[in-house]
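I have placed the structure first, in the form of structure tokens, so that the comments after it can refer back to it.
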Amino acid sequence: MNDTKSPSIGRQMLNKVPEVIIYFWIIKIMATTVGETAADFLIGNLKLGLTNTTLIMSVLLIITLFFQLKASKYVPRIYWFTVVMISVVGTLITDNLVDNLGVSLVTTTIIFTVAMLATFAAWYASEKTLSIHSIYTSKREAFYWLAILFTFALGTAAGDLIAEGLNMGYWKSALMFAALIGVVTIAHYGFKLNTVLSFWIAYILTRPLGASLGDYLSQPRDKGGLGLGTTGTSLIFLVIILGLVVYLTKTKRDESKVVE
């Protein structure tokens with residue numbers, strides 16, 4: 001089966017994800033940054049603690065996913081709110097393993113790498129495609145969001161491992177991940193690297209990029225950051241995300257068509 005054939009299982013609907021244009025990547029990186037800083041804000045500034053924050057945000061994610069899965073087409077405000085919520089929960093999953101259970105960053109990176117690859121393998125075995133331009137059944141969408149969750153959890157673990165575990169620092173880590181995304185971009189446009197593979201590699205790399213950027217902006221200067229704080233950093237990026245989502249809702253520039 002390929003993208004040109006009708007899906008065998010799942011409710012038929014319009015494509016549920018946006019077109020991959022520049023706005024997609026801008027919002028994605030900002031959403032990953034918010035995932036890092038918002039989690040820290042809820043845990044530290046609001047004194048909710050890691051466990052309570054995880055429970056609250058997980059419930060909110062389930063509610064958000066309900067509306068996302070219930071929709072029959074791509075709705076910018078629902079889709080991107082889901083991405084932000086998954087970003088926060090993905091961060092919290094990694095933080096729980098590391099801080100509450102004492103699992104090392106190396107181990108969590110390996111665990112989420114295996115989980116992500118297993119999700120992709122199961123998705124491809126079932127649907128014979130990993131293209132986000134073919135998310136028009138409930139089954140494919142379930143695979144999509146599970147893969148997204150693991151990319152966020154993996155990105156958090158890998159970003160923290162490189163920035164903190166290997167003492168590279170936040171801004172150097174951000175530059176490194178940005179450079180890797182640049183390499184993927186060149187490989188895709190200059191050397192015809194497979195489109196689907198290029199997308200998912202870049203998507204995975206934006207998570208540690210956003211996490212490193214968020215930490216660099218929010219952490220105190222004595223810890224290698226700019227000292228903007230989690231409140232200020234989260235608000236700035238949330239306002240930008242909101243503005244772009246409103247723009248895309250009105251212009252519909254990122255609406256993707258079902259591959260016939």
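Counting only heavy atoms from C-beta outward, the side chains of Val83 and Trp80 approach each other to under 4.5 Å. Taking the side chain as every heavy atom from C-beta outward, Leu226 and Tyr216 approach each other to under 4.5 Å. Contact of the Leu154 side chain with the Thr109 side chain is registered, since non-hydrogen atoms from C-beta on lie closer than 4.5 Å. Put simply, the side chain of Lys139 reaches to within 4.5 Å of the side chain of Glu127, judged on heavy atoms. Considering only heavy atoms from C-beta on, Phe199 comes within 4.5 Å of Phe24 through its side chain. Here the side chains of His133 and Glu19 are in contact, with some heavy-atom distance below 4.5 Å. Side-chain atoms of Phe112 and Ile93, non-hydrogen and from C-beta on, do get closer than 4.5 Å to each other.
Atom-to-atom distance recorded for Leu146:CG and Thr119:OG1 is 4.0 Å, nearest 0.5 angstrom. We find the NZ-CG distance between Lys70 and Leu65 to be 14.5 Å, quoted to the nearest 0.5 Å. Here the OG1-CG distance, from Thr91 to Asp95, works out to 6.5 Å after rounding to the nearest 0.5 Å. Distance check, rounded to the nearest 0.5 Å: CG of Asn167 to NZ of Lys172 gives 10.5 Å. Atom CD1 in Ile162 sits 7.5 Å away from atom OG in Ser212 (nearest 0.5 Å). The distance from atom CG of Leu42 to atom CG of Leu48, rounded to the nearest 0.5 Å, is 6.0 Å.
Ile240 and Val84 fall within a single hydrophobic cluster, where Ile, Leu, Val, Met, Phe, Trp and Tyr are joined by side-chain heavy atoms under 4.5 Å apart, directly or via other members. Residues Phe152 and Phe237 fall within the same hydrophobic cluster, defined by Ile, Leu, Val, Met, Phe, Trp and Tyr side chains chained together at heavy-atom separations under 4.5 Å. Under the 4.5 Å side-chain heavy-atom criterion for grouping Ile, Leu, Val, Met, Phe, Trp and Tyr, Leu61 is not connected to Ile63 through any hydrophobic cluster. Hydrophobic cluster membership differs between Val184 and Val196, with clusters built from Ile, Leu, Val, Met, Phe, Trp and Tyr side chains linked at under 4.5 angstrom. Hydrophobic clustering, with ILVMFWY side chains joined whenever heavy atoms are under 4.5 angstrom apart, groups Ile148 together with Val245.
Residue Ala174 comes nearest to Leu213 through the heavy atom pair CB-N, 4.3 Å, listed as atom of the first residue, atom of the second, then distance. Nearest heavy atom pair, residue Leu193 against residue His188, reads O-ND1, 2.9 Å. Ile181 approaches Thr206 most closely through the heavy-atom pair CD1-CG2, 3.8 Å. Smallest separation of non-hydrogen atoms from Ala38 and Ser234: N-OG, 3.5 Å. Annotation for Leu69 and Lys16: closest pair O-NZ, 3.8 Å, computed over non-hydrogen atoms. The two residues Val20 and Trp25 have their closest heavy-atom pair at CG1-NE1, 3.3 Å.
Without hydrogens or angle criteria, Ser218 side chain to Leu228 main chain gives no donor-acceptor distance under 3.5 Å. Here the side chain of Ser134 pairs a donor or acceptor atom with the backbone of Ser131 at under 3.5 angstrom. Judged by distance alone, the side chain of Thr108 and the main-chain N or O of Leu105 form a donor-acceptor pair under 3.5 Å. Between the Trp123 side chain and the Thr129 main chain, a donor and an acceptor come within less than 3.5 Å of each other. Between the Thr33 side chain and the Gly210 main chain, a donor and an acceptor come within less than 3.5 Å of each other. Thr64 places a side-chain N or O within donor-acceptor distance of the main-chain N or O of Leu60, the cut-off being under 3.5 Å. Formation of a donor-acceptor pair under 3.5 Å by the Ser58 side chain with backbone atoms of Thr54 is found in this model.
In this structure, Arg140 satisfies the cation-pi test against Tyr136, with its NZ or CZ atom closer than 6.0 Å to the six-membered ring centre and inside 45 degrees of the ring normal. For the pair Lys28 and Tyr203, the distance from NZ or CZ to the six-membered ring centre is under 6.0 Å and the angle to the ring normal is within 45 degrees.
Between Glu36 and Arg207 a salt bridge is recorded (basic side-chain N to carboxylate O distance below 4.0 Å).
Checked against the 6.0 Å centroid threshold, Tyr247 and Tyr23 count as a close aromatic pair. Residues Trp145 and Tyr79 place their aromatic rings such that the two centres sit under 6.0 Å apart.
Exactly one of Leu92, Val98, Leu97 qualifies for a side-chain contact (heavy atoms from CB on, under 4.5 Å) with Thr94. That residue is Val98. Here the options are Asp40, Asp215, Asn45, the test is side-chain hydrogen bond (donor to acceptor under 3.5 Å, both in side chains), and the partner is Thr230; only Asn45 passes.
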